[in-house]
Amino acid sequence: MRDAQAKPTQAGPAENGRFDAVIVGAGFAGLCMLHRLRELGLSVRVFERGSGIGGTWFWNRYPGARCDVESMEYSYQFSEELQQEWNWSERFAAQQEILRYLEHVADRFDLRRDIQLDTRVSSAVFDESAGRWTIETDGGARASAKFCIMATGCLSSTSTPRFAGLDSFAGPTFHTGNWPHAPVDFSGKRVGVIGTGSSGVQSIPLIARQAAQLFVFQRTPTYTVPAHNHPLDPGVQERIKGDYAGLRRRAAQMPFGFDTRPGEKLALEATAEERRAEYEDRWARGGLPFISGFADLLYSKDANDTAAEFVRAKIREIVRDPRVAEMLSPRQVIACKRLCIDTGYYETFNRSNVTLIDVSAAPIEAITPRGLRTKNAEYELDCIVFATGFDAMTGALLGIDIRGRGGLSLARKWAEGPRTYLGLATAGFPNLFMITGPGSPSVLSNMVPSIEQHANWIARCIAYLREHELARIEPTALAEDAWVEHVNEVAGGTLFPSCNSWYLGANVPGKPRVFMPYLGFPAYVQKCDEVAAKGYEGFAATP
Ligand code: NA7
């Protein structure tokens with residue numbers, strides 16, 4: 001017999017369900033949005049394609065998967081009780097711990113009863129006469145909602161290059177962004193890892209310790225700074241909790257929305273000795289604040305060169321074989337592609353069982369039944385790990401057939417690149433919101449506070465519509481055009497557009513090259529607040 005007191009652990013199927021809002025995705029964004037909309041008394045259904053909640057932290061279970069923002073800042077702030085009761089065990093939390101945290105949040109706020117797992121949304125279509133969205137899932141079920149909120153994540157649609165013979169490989173293949181739940185044992189195996197972005201940098205040292213032989217196929221060398229991860233001192237944690245609001249307030253004033261201790265001085269005005277001291281200090285402390293040492297590092301190539309050369313010198317110090325050190329030394333602007341943080345990455349190339357292969361000049365030509373073939377050589381492998389990244393920021397959105405007014409498809413509207421107002425909404429798609437969409441700080445900020453800022457803004461906007469008896473809201477084309485131009489202008493003033501990064505869509509063949517994130521968290525939040533305070537300026541709201 002069913003216990004009458006037992007809480008449902010998961011929502012049942014929503015065939016023909018009518019909701020005030022549907023949220024797509026149950027990661028950090030979906031959970032927090034659900035909580036906010038519940039506070040407004042809305043009926044909500046969350047659809048999640050995974051068999052569990054957690055989004056990014058559900059899928060990315062590869063060895064070494066870890067956040068590059070410090071735990072105390074990579075967490076929700078909507079509940080002081082939650083902030084106070086949760087204890088992080090390490091400076092940088094590992095995937096398992098972040099997933100445990102999200103599970104705890106789902107239970108603590110009784111979120112699961114509105115979340116339907118194992119349900120991939122295939123389409124969302126706006127019905128103009130009804131003023132509602134029809135959301136269809138892969139299983140053919142339909143739901144109808146007044147508001148549709150895409151909490152689909154920025155790095156959730158994996159990208160695997162279409163190598164010839166991809167399916168011919170006889171052994172197992174893995175993608176870091178879709179890692180099996182059961183432990184993978186590389187003992188005694190010849191393993192190939194393709195890709196040296198953050199996922200490669202985190203997994204390579206651990207795979208190297210287990211595998212008989214590891215071949216790392218590198219197209220672009222990576223700048224990575226030591227994480228210096230360590231158990232979090234309970235005293236430090238208590239001190240932060242004593243004034244958590246203070247930490248959050250200070251972080252919100254930082255360009256990336258977390259405490260990077262930005263230096264005010266310009267690298268080009270500092271002496272060589274001052275620069276060296278600053279970089280050494282930041283290298284010793286570890287983490288992403290390395291790139292905030294001087295105010296001009298992301299704006300001036302000459303300034304940037306000083307930090308880049310510092311890291312190259314470190315690589316030469318760490319890596320014993322000068323030829324390998326040279327191969328590992330990046331030449332692009334540092335932090336143009338996302339800066340990585342690591343535990344023993346460069347050191348791993350001193351191991352006798354690790355071989356670095358440069359596939360920039362001699363690319364991978366094919367995956368073969370026994371391994372892979374580059375232009376120069378053939379490698380025999382037992383397993384292949386694709387650490388090849390994501391169709392970032394737009395991949396998950398465009399993976400759903402989204403149609404707005406007049407049947408306009410989002411894919412068609414964004415054929416030349418994403419166009420949004422504030423990364424929150426897009427003209428022609430009434431009552432459709434995106435959490436950390438393109439055109440918002442998103443991946444160039446601490447994701448969790450950015451997600452919360454969006455969830456709060458969307459909830460306030462929906463409350464406003466209700467108070468003013470307005471049925472629909474969408475950006476004006478004018479406001480959207482101006483915002484897209486502004487996002488480009490801000491990026492254009494920096495060094496970010498100077499390399500083939502996923503911020504630009506350059507990692508996916510054929511993807512339009514548009515710089516997608518917005519640089520500058522504090523100015524962005526101010527703009528969003530102003531828009532709301534002015535009665536949703538730049539949006540058209542109708543009864
Ligand atoms: P990234 O950062 O996009 O890294 C993908 C890596 O895969 C990168 O080194 C790519 O080289 C490489 N790659 C992609 N296609 C190929 C082909 N065809 N041949 C060889 N190498 C290839 O993804 P991650 O998962 O590591 O990290 C994503 C974000 O997650 C990260 O920035 C953090 O924010 C968390 P390339 O640089 O394109 O030459």
Side-chain angles (χ1 to χ4, degrees), residues 27-28 55-57 59-69 74 92 95 98 153-166 174-179 192-204 215-225 227 256 258 287-288 291 327-328 330-333 335-342 345 356-367 372-375 379 384-393 395 436 441-448 450 496 499-511 513 516-517:
F28 263 104
T56 290
W57 302 105
W59 298 102
N60 286 266
R61 295 166 187 252
Y62 60 84
R66 195 175 282 288
C67 189
D68 56 9
V69 172
Y74 193 79
F92 295 103
Q95 172 266 332
I98 301 175
C154 294
L155 296 162
S156 43
S157 175
T158 57
S159 164
T160 305
R162 293 201 186 133
F163 295 118
L166 193 57
F174 306 93
H175 193 292
T176 47
N178 187 7
W179 198 263
V193 174
I194 305 174
T196 53
S198 194
S199 307
V201 163
Q202 290 187 332
S203 58
I204 284 165
F215 297 91
V216 175
F217 298 92
Q218 168 193 275
R219 187 165 66 181
T220 309
T222 302
Y223 292 99
T224 166
V225 172
F256 300 104
F258 64 106
L288 297 175
I291 202 57
M327 273 166 77
L328 283 168
R331 295 290 151 193
Q332 74 272 17
V333 157
C336 179
K337 287 178 185 243
R338 190 177 175 101
L339 184 63
C340 298
I341 71 169
D342 71 280
Y345 177 69
L356 180 66
I357 297 125
D358 176 1
V359 292
S360 59
I364 297 169
E365 286 187 335
I367 306 291
L372 69 74
R373 193 177 66 236
T374 69
K375 197 162 166 257
Y379 298 87
I384 301 179
V385 174
F386 292 95
T388 45
F390 301 88
D391 182 353
M393 305 203 69
T436 62
S442 56
V443 293
L444 275 186
S445 68
N446 182 1
M447 284 302 288
V448 183
S450 273
F496 279 111
C499 68
N500 292 328
S501 70
W502 56 256
Y503 299 137
L504 263 176
N507 63 324
V508 176
K511 187 167 173 172
R513 293 203 180 193
M516 294 181 282

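Whatever order the structure lists them in is the order used to number ligands and atoms, beginning at 1.
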Return yes when atom CZ of Arg162 has more than 12 non-hydrogen atoms of other residues, nucleotides or ligands closer than 6.0 Å, and no otherwise.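 No.
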Is ligand 1 less than 4.0 angstrom away from at least one heavy atom of Phe163?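 It does, in that a heavy atom of Phe163 comes within the 4.0 Å cut-off of ligand 1.
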What do you reckon, does Trp502 put a non-hydrogen atom under 4.0 Å from ligand 1?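 A heavy atom of Trp502 does come that close to ligand 1.
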If you measure from each non-hydrogen atom of Phe217 to ligand 1, which part falls under 4.0 Å: side chain, backbone, both or neither?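 Neither; no heavy atom under 4.0 Å.
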Of the backbone atoms (N, CA, C, O) and the side-chain heavy atoms from C-beta on, which set of Leu155 has a member under 4.0 Å from an atom of ligand 1: side chain, backbone, both, or neither?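 The answer is the side chain of Leu155.
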Heavy-atom nearest neighbour of [atom] within options [options]:
atom: atom 37 (O) of ligand 1; options: Lys337, Arg219, Met447; result: Lys337
atom: atom 7 (O) of ligand 1; options: Gly389, Ala387, Gly197; result: Ala387
atom: atom 12 (C) of ligand 1; options: Gly195, Gly177, Ser501; result: Gly195

For Thr436 and Met393, which heavy atoms make the closest approach, and how far apart are they?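 Heavy-atom minimum between the residues: O-CE, 4.3 Å.
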Closest heavy-atom pair and its distance - Lys337, Asn500: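 Between these two residues, the closest heavy atoms are NZ-O, 3.2 Å.
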Please report which non-hydrogen protein atom sits nearest to [atom], along with the residue it belongs to and the distance in Å to one decimal place.
atom: atom 25 (O) of ligand 1; answer: Ser199 OG, 2.6 Å
atom: atom 31 (C) of ligand 1; answer: Ser198 CB, 3.5 Å
atom: atom 39 (O) of ligand 1; answer: Thr220 OG1, 2.4 Å

I need the atoms of ligand 1 closer than 4.0 Å to a non-hydrogen atom of Pro161, numbered in the order shown.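 Here the atoms of ligand 1 in question are 15 (N), 16 (C), 17 (C), 18 (N).
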Interfacing atoms of ligand 1 (cut-off 4.0 Å, heavy-atom, Arg338):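 Matching atoms, with element in brackets: 31 (C), 32 (O), 33 (C), 34 (O).
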Taking distance alone, with no angle check, do Thr196 and ligand 1 share an N/O pair under 3.5 Å?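 Min N/O separation from ligand 1 is below 3.5 Å for Thr196.
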Report yes if Asn507 has an N/O atom closer than 3.5 Å to an N/O atom of ligand 1; otherwise report no.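 Between Asn507 and ligand 1 (N or O atoms, distance only) the closest approach is not under 3.5 Å.
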Can you check whether [Y]'s main-chain N or O pairs, donor with acceptor, with [X]'s side chain at less than 3.5 Å?
X: Gln95; Y: Pro63; answer: no
X: His175; Y: Val385; answer: no
X: Thr222; Y: Thr224; answer: no

Would you tell me whether Asn178 and Arg61 have side-chain atoms, one donor and one acceptor, within less than 3.5 Å of each other?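 No, no side-chain donor-acceptor contact under 3.5 Å.
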Ignoring hydrogens and geometry beyond distance, is a side-chain donor-acceptor pair present between Ser450 and Ser442 at under 3.5 Å?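 Per modelled atom types, Ser450 and Ser442 side chains form no pair under 3.5 Å.
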Ion pair check, Arg338 and Asp68, cut-off under 4.0 Å: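 Yes, Arg338 and Asp68 are salt-bridged.
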